[in-house]
Amino acid sequence: MVTKSLPLAKALNEALRAALESDPKVLLMGEDIGKLGGVFRVTDGLQKDFGEGRVMDSPLAESGIVGTAIGLALRGYRPVVEIQFDGFVFPAYDQIVTQLAKMHARSQGKVRLPVVIRIPYGGGIGAVEHHSESPEALFAHVAGLKIVSPSTPSDAYWMLRQAIRSDDPVIFFEPKRRYWDKGEIDTEEDPGDLHKARVAREGTDLTLAAYGPMVKTCLQAAVAAEEEGRSIEVVDLRSVSPIDFDTIQASVEKTGRLVVVHEAPVFFGSGAEIAARITERCFYHLEAPVLRVGGYHAPYPPARLEEEYLPGLDRVLDAVDRSLAY
């Protein structure tokens, strides 16, 4: 066992380094990822150690970045590209949903595109417009893409390693406001299935299901609820497409209640799919309707208002109270 305590951003850096060392077909590409090391320094030092031929600074052209990655994958490489901020991904949306996601089906299984698209996402850093989006549901709606988001440094390290090894395209959403949160990582023991949810905290009265940046908030809510004698279970979904419904179902069959939490707007969000599926699967176990907590159906606000927009501890605990009141 080799255990390290690292911030989430550094864990991602270590994962990229390990992938570059273990497979010469792994290439990195993105805006300012080379000499600068990325705006969040996730790729810091990698161009220096692996050269400009494997860690490439790209033009400011997201469609070109993803299009080039598709071409590289067709030639046998495993490109890992960075979209500098979540709101910058949309010029590449056409390449992602009409080419990257469709090629495997279009070729009747003959062509695989092992492309990883890293996207820092979510709010909480006081950024300007187009720098705090949560577009995961837009991509989860597209068949042919895998959508994942880690919440801990350990998951950041291993989920990125697993995503790079995948023969299918993976969109890897990185919770940017958690980049500096530290945690323990065992860099030798591969934890297994990339899309398996984990129970982050055991409980008996209610299940909170979340992914990415909101897992920490839900764990804080569980601690606060415990002071009032309530036992809250927290399920870290880890994957948005596919979703591990079996783990959620097992938790809800135990607790009888479910609140789904994500930063993205509640309207047509991933929580709606989870609520519908769990209602179908657990109808006779539920003691209350499945509730959802998330952002508002409005453009992301200026930085001074984002704490009002983002679902925080109070909104999660309010949903817990409403569920337990049934």
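Excluded from the calculations below are hydrogen atoms, water molecules and symmetry mates; all remaining heavy atoms, backbone and side chain alike, are included. Position 1 is the first residue of the sequence; numbering continues from there.
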Stacked cation flag Arg315 on Tyr296, 6.0 angstrom / 45 deg: yes
Asp236-Ser151 side chain donor-acceptor pair, cut-off 3.5 Å: yes
No-hydrogen, no-angle side-chain donor-acceptor test under 3.5 Å, Tyr300 and Glu133: no
Lys/Arg-Asp/Glu bridge criterion (N-O < 4.0 Å) met for Asp205, Arg230: no
Set of side-chain hydrogen bond (donor to acceptor under 3.5 Å, both in side chains) partners for Arg106, sequence neighbours left out: Gln99
Heavy-atom donor-acceptor pair, Glu174 side chain to Ile119 backbone, under 3.5 Å: no
Under 4.5 Å side-chain linkage, directly or through intermediates, the cluster mates of Leu317: Leu313
Minimum heavy-atom distance Ser323-Leu291, with the two atoms named: N-CD1, 3.8 Å
Atom CD of Glu184 with >12 non-hydrogen neighbours under 6.0 angstrom: yes
Audit row: Phe172, Tyr121, ring-ring contact (aromatic ring centres under 6.0 Å, His included) steps and yes/no: CA-CA 10 Å; Phe172 196 91; Tyr121 82 119; 9.9 Å; no
Distance-only donor-acceptor check, side chains Thr247 and Lys196, under 3.5 Å: yes
Pair Asp190, Gln162: side-chain N/O donor-acceptor within cut-off below 3.5 Å: yes
Side-chain donor/acceptor of Arg178 to backbone N/O of Pro213, under 3.5 Å: yes
Between Glu233 and Ser251: side-chain donor-acceptor atoms closer than 3.5 Å: yes
Tyr93 and Thr98 side chains, donor-acceptor separation under 3.5 Å: no
